[in-house]
Peer 1: 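There's a structure below that I have some questions on.
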Protein chains: 2
Amino acid sequence: MQINYRKELEKIPVYVPGKPIDDVKRELGLSKVVKLASNENPLGFSPKARDAVNAILTEANLYPDGNATLLKNAIAGKFGIEPEMVLPTCGSDEMVDLIAKSFINCGDEVVMADITFPRYYITSQMMGAAIKIIPLKNLSYDIERFKKAITADTKIVWLCNPNNPTGTTFSEQELSDLLEMVPASTLVVYDEAYYEFASGEGYPKNSLAYLKKYKNMLVMRTLSKAYGLAGFRVGYTIGDPELLNVINRVRNPFNVTLLTQAAAIAAILDDEFLQKVVDNNDRGKEYIYKEFGRLGIEFAKTEANHIIFNAKKDSIQVFEALLRKGVIIRPIKGFSPETWLRVSIGTMEENRVFAEALEAVLAE
Amino acid sequence: MQINYRKELEKIPVYVPGKPIDDVKRELGLSKVVKLASNENPLGFSPKARDAVNAILTEANLYPDGNATLLKNAIAGKFGIEPEMVLPTCGSDEMVDLIAKSFINCGDEVVMADITFPRYYITSQMMGAAIKIIPLKNLSYDIERFKKAITADTKIVWLCNPNNPTGTTFSEQELSDLLEMVPASTLVVYDEAYYEFASGEGYPKNSLAYLKKYKNMLVMRTLSKAYGLAGFRVGYTIGDPELLNVINRVRNPFNVTLLTQAAAIAAILDDEFLQKVVDNNDRGKEYIYKEFGRLGIEFAKTEANHIIFNAKKDSIQVFEALLRKGVIIRPIKGFSPETWLRVSIGTMEENRVFAEALEAVLAE
């Protein structure tokens, strides 16, 4: 290839395509697979979203509403805010990309954790950021070190609370202290992808209240997890309309599909389904804690729909051994030694299959 | 706002949200609206795509296949190429953005027409390109001037054939001459969004054949137009796997939704539906030509599903007068004087409503 690509891309990992589950099944001769690898919703998604898709399906030859007016209204209504404070995107993935493209000049400093949602790193790298990495402390964000790392030159602070892949949180007090010390010229991206699952003491459940005071904060949420719309690709960001207007300049106008907008409107208003999901997650969490306890496995208490644990064996080998038993979870990079994995909380039946398979694998 | 956004964004137009059609109807007291503004498919989309969506709908709590393996296979099979030469995206919009992010360094030179698909300009601007603009000549790409503008320093040449919004084409000979003179270090983006509608003499119907010789060419197509999947958001690009691998580094991994992948696989294989669409378009084109002739209206012969014409009145005023009659088309910027508009070819009934409304408006 004689075309030079941007040198910033050199530090971005080369894309390795994953395999469809059907291919994995065929190759390993498995009839059934339990996938607890991607923090998907074991209960599916709201039947109201399914009905909404069916009702509008024949109109999908038309472009979606590029302003997502009705979806913005639904989200704004739910949280008692103005629709101008809401911007839906093709998952949080797209918003992270849009933020990087809007604000990061080559050489700009950004601050993020070492083990967190990987798109912060990739998109910051794409725009040529100078990335300050703050190691986790006891599997959690080390907010004191974040505060020390942030300077007048910091363009963006990337925060994920609860954190993916650890499921751990930092407290309302820590968030509040950090927001207070961050310069007004620094953007605080506060990613709450797992917000709906979090109920622990001290967790900032009313983070939107901070937006009134801190115009430099964006709160990112998704419908991929608790609402179960991962296949539809939709998230939303709440913040100052002036910030969102900047981001709108680089947004592709039809970023959220027509069917997805319809599904999201129905899903976000279905509190009954959401409650079932959270209840199932709470039960599953307690069950897995108990099983980890029984097996003597070190793990982090989670406020999300996934649990990180230390297999005390090479994580790739454990991953592959579980795969051969028809259970897919995710080995997590960045720990030393590399013996940690993340399991998504599934249905009780899936959790049991996982626990049994893990017990067998660790006894091998 | 105290956060500085990238200065490259200053030259990108501020986003102005459009209104949902229902709002337009209400505000203007219209019971029915004919929308011929966005080159959407008047026949809907393949019923096989609808069935495919229904068959997989309950699985949409799962993430889509990030590699779009089955969709790549379907496209590759249709055109007799390797799946590694195919990359599906969230419409052509996303691919244009990915190409810009992958290859344009600040200050890099790119070449494009003045009146063409606007995302080439916006995304090039976003990455800080030095943009050389080549004016249309007789409503068509002026390939001779393109060739003179291209130098060893040119990073990207953006080409749209048939061109949007003019519907005009350049010839196989012109394409072939241009590819031959372009340096191997220059990327030629060849956008065939309206390919399926084009049948005029001299049009390069077998553009994919050039990919064997020219590794610096990418062919972009979409399922939004002839296949009628605009609401689903899906396009695909064909080219050298090495180029696509670079682009994959900055692609969001789940860019095409689960339902969209299923719909696209069914749609791309439904040749019968495609033929109906092309036939309807050919009939509508002849009808609108005849009406323009009767009304003495200057227009460009089209190889796409839209026709550009000169109302000889201010295009915004004509647009607004048609809107009050319940017909939405699009005023086109960039002409001098600004008296040109673009109408999408609809069903015969929609075309008749448009022609009658236009006759009345021009007589006002």
Side-chain angles (χ1 to χ4, degrees), chain A residues 1-6 9 12 14-15 17-18 20 38 40-41 44-45 50 53 57-67 69-70 90-91 93-94 97 101-103 105 126 184-185 187 215-216 228-233 240 242-243 245-246 248-250 252-255 257-260, chain B residues 1-6 9 12 14-15 17-18 20 38 40-41 44-45 50 53 57-67 69-70 90-91 93-94 97 101-103 105 126 184-185 187 215-216 228-233 240 242-243 245-246 248-250 252-255 257-260:
Chain A
M1 193 178 73
Q2 295 183 52
I3 301 170
N4 291 325
Y5 57 85
R6 293 175 55 239
L9 272 58
I12 298 178
V14 173
Y15 171 76
S38 304
E40 290 154 336
N41 196 320
F45 57 90
R50 188 194 59 212
V53 168
L57 180 50
T58 57
E59 293 176 36
N61 61 315
L62 305 179
Y63 279 91
D65 173 10
N67 189 48
T69 308
L70 300 180
C90 183
D93 280 0
E94 189 197 16
D97 177 90
K101 290 189 298 197
S102 298
F103 298 104
N105 296 292
M126 173 181 88
S185 56
L187 178 62
K215 302 293 178 195
N216 59 335
L229 299 186
F232 283 94
R233 313 306 306 122
D240 185 26
E242 237 186 310
L243 277 176
N245 279 341
V246 170
N248 258 326
R249 292 193 191 203
V250 296
N252 292 325
F254 305 112
N255 56 332
T257 86
L258 184 127
L259 299 182
T260 299
Chain B
M1 193 176 73
Q2 295 183 51
I3 301 171
N4 291 325
Y5 56 85
R6 292 175 56 239
L9 272 57
I12 298 178
V14 174
Y15 172 76
S38 304
E40 290 155 335
N41 196 319
F45 57 90
R50 189 194 57 212
V53 168
L57 180 50
T58 57
E59 293 176 36
N61 61 315
L62 305 179
Y63 279 91
D65 172 11
N67 189 48
T69 308
L70 301 179
C90 183
D93 280 0
E94 189 197 15
D97 177 90
K101 290 188 297 197
S102 297
F103 297 104
N105 296 294
M126 173 181 86
S185 56
L187 177 63
K215 302 292 178 196
N216 58 337
L229 298 187
F232 283 94
R233 314 306 305 122
D240 185 26
E242 235 186 310
L243 277 176
N245 280 342
V246 170
N248 258 327
R249 294 194 189 201
V250 296
N252 292 326
F254 305 112
N255 57 334
T257 85
L258 183 128
L259 299 181
T260 298

Peer 1: Could you tell me if the side chain of L57(B) sits less than 4.5 Å from the side chain of R50(A), heavy atoms only?
Peer 2: yes
Peer 1: If you count heavy-atom pairs under 4.5 Å between each of N41(A), N67(A), N216(A) and chain B, which one has the most?
Peer 2: N67(A)
Peer 1: Tell me whether D93(A) contacts the main-chain N or O of N252(B) through its side chain, where contact means a donor paired with an acceptor under 3.5 Å.
Peer 2: no
Peer 1: Can any side-chain N or O of R233(B) pair as donor or acceptor with the backbone N or O of F254(A) at less than 3.5 Å?
Peer 2: yes
Peer 1: Find the distance between CG (N248(B)) and CD1 (I12(A)) and round it off to the nearest 0.5 Å.
Peer 2: 11.5 Å
Peer 1: Quick one: pull up CG in N105(A) and CG in N4(B) and give me the separation to the nearest 0.5 Å.
Peer 2: 8.5 Å
Peer 1: Mind ranking T58(A), L70(A), T260(A), D97(A) by heavy-atom pairs under 4.5 Å with chain B and telling me who comes out on top?
Peer 2: D97(A)
Peer 1: Looking only at heavy atoms and a cut-off of under 4.5 Å, which of G91(A), S38(A), C90(A) has the most pairs with chain B?
Peer 2: S38(A)
Peer 1: Between T257(B) and F232(A), which heavy-atom pair has the shortest distance, and what is it?
Peer 2: CG2-O, 3.3 Å
Peer 1: Is the backbone of S102(A) close enough, under 3.5 Å, to the side chain of R6(B) for a donor and an acceptor to pair up by distance?
Peer 2: no
Peer 1: Contact part of L229(B) toward chain A, heavy-atom cut-off under 4.5 Å: side chain, backbone, both or neither?
Peer 2: backbone
Peer 1: Heavy atoms only, distances under 4.5 angstrom: which of D240(B), L258(B), L62(B) has the most pairs with chain A? Name it, please.
Peer 2: L62(B)
Peer 1: Hey, what do you get for CE (M126(A)) to NZ (K101(B)), rounding to the nearest 0.5 Å?
Peer 2: 4.5 Å
Peer 1: Looking at Y63(A), is its backbone amide N or carbonyl O close enough to the side chain of E40(B) to form a donor-acceptor pair, meaning the two atoms are under 3.5 Å apart?
Peer 2: yes
Peer 1: Please report the closest heavy-atom contact between P64(B) and A230(A), naming both atoms and the distance.
Peer 2: CD-O, 3.8 Å
Peer 1: Would you mind checking which part of D65(B) comes under 4.5 Å of any heavy atom in chain A, side chain (CB onward), backbone (N, CA, C, O), both or neither?
Peer 2: side chain
Peer 1: Non-hydrogen atoms of chain A under 4.5 Å away: do they reach the side chain of L243(B), the backbone, both or neither?
Peer 2: both
Peer 1: Can you find a heavy atom in the side chain of N245(B) that is under 4.5 Å from one in the side chain of V14(A)?
Peer 2: no
Peer 1: Can you confirm whether L9(A) sits close enough to V246(B) that some side-chain heavy atom of one is under 4.5 Å from a side-chain heavy atom of the other?
Peer 2: yes
Peer 1: Does any backbone or side-chain atom of T69(A) lie under 4.5 Å from a heavy atom of chain B? Answer side chain, backbone, both or neither.
Peer 2: side chain
Peer 1: Nearest 0.5 Å, what's the CD-CG distance between Q2(A) and L187(B)?
Peer 2: 13.0 Å
Peer 1: Which atoms of V53(B) are under 4.5 Å from chain A, going by heavy atoms: the side chain, the backbone, both sets, or neither?
Peer 2: side chain
